[in-house]
Amino acid sequence: MLITHEKWPRTAEEAEAEQGRLAGLVDVSTPLGPVRYIAGLDVAYAIDSSRVAGAVVVLDADTLAVEDMATAVMDVEFPYVPGLLAFREMPALISALARLTVEPDVLVADGYGIAHPRRFGLACHLGVLAGKPAMGVAKTAFVGRSAEPGIQRGEAADLVHDGQVVGAVLRTQLSTKPVYVSPGHLITVGDATRMALRLAAKYRLPETTRFADQLSRRALAAA
DNA sequence: GCGACAG
DNA sequence: ATCTTGTCGC
């Protein structure tokens with residue numbers, strides 16, 4: 001899966017302007033079609049944040065068995081700024097995606113989609129540049145408010161921001177802290193929520209995230 | 001103006 | 001994000 005990205009922003013101002021332009025291309029009203037391969041993406045940082053390891057794992061949609069995986073280690077060139085996470089993590093993720101052999105049908109990122117200050121979180125950025133369905137599952141709150149979802153697995157509450165439903169706060173396991181789901185591109189809030197629940201059949205976090213997380217750490221340690 | 005703030 | 005395995009508790 002090749003993604004070309006010319007002129008990557010170097011300053012926060014340029015980055016925000018870029019998000020403003022690309023945000024208009026996001027589509028979160030098209031239902032997710034048939035899915036055979038699901039990609040999970042995550043990034044690991046060196047203790048001094050000088051280097052970053054991007055990892056992507058591809059799972060079979062039915063069995064959740066690992067079908068493919070790839071990593072990419074490089075120097076970090078953008079600081080961590082809430083709202084601009086994509087500019088820090090995408091270079092490594094794009095590089096890893098280029099090394100895949102199996103073409104995924106949907107990308108599951110560690111972070112947010114449209115539940116973002118400018119409606120353009122990491123999952124949106126990945127989806128738009130890849131031209132594929134993408135969604136995000138985050139572990140902690142960022143933007144938006146919601147009611148507390150019930151304690152049963154599968155219970156969810158709308159994540160609302162600026163009067164719009166931008167995602168869902170989903171309980172993936174009984175009595176565990178909920179996760180934050182939001183669509184990134186070519187997928188709806190409902191489809192993203194169902195996908196997240198299905199991927200988190202056994203643990204609080206989706207299998208995609210768990211696999212990609214450990215893969216990125218191993219790649220960093222081995223580099 | 002003051003805090004909060006994905007990873 | 002990162003330092004970190006087993007262990008106490010529901």
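Sequence lines set the chain letters: A, B, ... in the order given, protein chains first and strands last, and positions in each chain run from 1. All values reported here derive from a predicted model rather than from experimental measurement. All values below were derived from every heavy atom in this structure, side-chain atoms included, with hydrogens, water molecules and symmetry-related copies excluded.
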Self-check item: Interatomic distance, A:Ile94 atom CD1 to A:His125 atom NE2 [nearest 0.5 angstrom]
Solution: 7.0 Å
Self-check item: Verify stack between A:Tyr112 ring and B:dA6 base, 5.5 Å, 30 degrees
Solution: no
Quiz item: Out of curiosity, A:Leu41 CG to A:Leu93 CG, how far, rounded to the nearest 0.5 Å?
Solution: 5.5 Å
Practice problem: Using a 4.0 Å heavy-atom cut-off across all strands, classify A:Ala115 as base, sugar-phosphate, or nothing. | Solution: nothing
Quiz item: What's the CE-P distance between A:Met74 and C:dA1, to the nearest Å?
Solution: 20 Å
Practice problem: Indicate yes or no for a side-chain donor-acceptor contact from A:Arg153 to the backbone of A:Ala200 under 3.5 Å, with no hydrogens or angles considered. | Solution: yes
Exercise. Find the distance A:Leu122:CG to B:dA6:P and express it as a whole number of Å.
Key: 13 Å
Quiz item: Between A:Lys132 and A:Glu103, is there a salt bridge with N-O shorter than 4.0 Å?
Solution: yes
Exercise. Mind checking A:Tyr45 for me? I need base, sugar-phosphate or nothing, with any heavy atom below 4.0 Å counting as a touch.
Key: sugar-phosphate
Quiz item: What is the nucleic acid contact for A:Leu41, judged by heavy atoms within less than 4.0 Å: base, sugar-phosphate only, or nothing?
Solution: nothing
Self-check item: Whole-Å distance separating the NZ atom of A:Lys177 from the P atom of C:dC10
Solution: 19 Å
Practice problem: Round to a whole Å and report the spacing from CG of A:Asp213 to P of C:dT2. | Solution: 7 Å
Self-check item: Polar contact flag, side-chain donor to acceptor under 3.5 angstrom, A:Tyr45-A:Glu89
Solution: yes
Practice problem: Using a 4.0 Å heavy-atom cut-off across all strands, classify A:Leu85 as base, sugar-phosphate, or nothing. | Solution: base
Practice problem: Mark yes or no for whether A:Asp27, through its side chain, and A:Leu186, through its backbone, hold a donor-acceptor pair below 3.5 Å. | Solution: no
Practice problem: Describe the nucleic acid contact of A:Arg51 in one word from base, sugar-phosphate, nothing, applying a heavy-atom distance below 4.0 Å. | Solution: nothing
Practice problem: Give a yes/no answer on whether the side chain of A:Thr140 brings an N or O atom under 4.0 Å of OP1 or OP2 in B:dC5. | Solution: no
Practice problem: Ignoring backbone atoms, establish whether A:Arg217 has a side-chain N or O less than 4.0 Å from OP1 or OP2 of C:dT2. | Solution: yes
Quiz item: Does A:Asp110 pair with A:Lys139 as a salt bridge, N-O distance under 4.0 Å?
Solution: yes
Quiz item: Which whole-number value in Å describes the distance from A:Glu89 CD to C:dT2 P?
Solution: 10 Å
Quiz item: Separation of A:Leu170 atom CG from B:dA6 atom P, in whole Å?
Solution: 19 Å
Quiz item: Any side-chain N or O of A:Lys139 less than 4.0 Å from the OP1 or OP2 oxygen of B:dA6?
Solution: no
Quiz item: Touch check for A:Gly136, heavy atoms < 4.0 angstrom, all strands: base, sugar-phosphate only, or nothing?
Solution: nothing
Quiz item: With under 30° as parallel and over 60° as perpendicular, where do the rings of A:Tyr112 and A:Phe142 fit, or are they tilted in between?
Solution: tilted
Self-check item: Between B:dA6 (P) and A:Leu159 (CG): distance, integer Å
Solution: 13 Å
Practice problem: Take atom CG of A:Asp42 and atom P of C:dT2, then tell me their distance rounded to the nearest Å. | Solution: 8 Å
Quiz item: Under a 3.5 Å cutoff on both atom distances, Watson-Crick or G-U, what's the dot-bracket for DNA chain C ([ ] crossing, | other strand)?
Solution: ..........
